Asker: 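Dropping a structure here in structure tokens format, bear with me for questions.
This structure is a prediction, so every number in the text was calculated from the model and none was measured.
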Amino acid sequence: MDKDSELFKNISFADLMADVYHNSKKMSRQINQLVSQLQPLIKNASDATVIVPLIKEYLDVAVKNDDQLVKLTAIVQRYISTKQTISGDDGILSAEEKEELLKLADTTFSVELESEIDKLNSDAKIIEKNLIKSEGKDVTESRES
């Protein structure tokens, strides 16, 4: 699924994003127009106490509407991202890059494993020599007693 896939009847993710943008711009123009129209009506404090709550309510409704569209957009965006991740579309790495990384990891693991085995073998030889020396001392000590 991409940004041009249909979400609703003839509405894609790109259309939804455009709606959010255009609604926000439109609402901004409407609010500015409303305030400029109501400003001349405010002659004193009592006029302001009546008109300002109307403007506030109008702003609240606009914000809630925009909030709903933004939340819907975020949900759809997560859905698209999840679909692409699952299907492997538009992934971070191409198939060739993944294969190259796997080969590199395999090589690195093999080299580290061989190095660790060599170290263990070396340690085993040292321990074996120390045991032989220790047993030799025990034999010599028991003969002396």
Asker: Would you say E57 has more than 12 foreign heavy atoms packed within less than 6.0 Å of its CD?
Answerer: no
Asker: Could you pull out all residues at least two apart from A48 that satisfy side chain to side chain contact (heavy atoms under 4.5 Å, CB included)?
Answerer: I42, V52
Asker: Does anything in residues 121-131 pair up under side-chain hydrogen bond (donor to acceptor under 3.5 Å, both in side chains), and if so which pairs, sequence neighbours excluded?
Answerer: none
Asker: Cluster question for you: counting only ILVMFWY and a side-chain heavy-atom cut-off of under 4.5 Å, with indirect links fine, are L59 and V50 together?
Answerer: no
Asker: For K56, what residues pass the side chain to side chain donor-acceptor pair (under 3.5 Å) criterion, not counting sequence neighbours?
Answerer: D60
Asker: In a table with atom names and distances, give each donor-acceptor pair under 3.5 Å that connects a side chain of residues 108-119 to protein atoms at least two apart or in another chain.
Answerer:
from: T108; atom 1: OG1; to: L104; atom 2: O; distance (Å): 2.8
from: S110; atom 1: OG; to: D106; atom 2: O; distance (Å): 2.9

Asker: Can you list the residues that meet the side chain to side chain donor-acceptor pair (under 3.5 Å) rule with N44, with sequence neighbours excluded?
Answerer: S46
Asker: Report the C-alpha distance between I55 and L38 in whole Å, list the side-chain angles of each, state the deciding distance to 0.1 Å, and finish with yes or no for side-chain contact (heavy atoms from CB on, under 4.5 Å).
Answerer: CA-CA 9 Å; I55 294 173; L38 293 175; 3.6 Å; yes
Asker: In a table with atom names and distances, give each donor-acceptor pair under 3.5 Å that connects a side chain of residues 25-35 to protein atoms at least two apart or in another chain.
Answerer:
from: Q30; atom 1: OE1; to: Y58; atom 2: OH; distance (Å): 3.1
from: N32; atom 1: ND2; to: S28; atom 2: O; distance (Å): 3.3

Asker: Do you know the tightest heavy-atom contact between K43 and P40?
Answerer: NZ-O, 3.0 Å
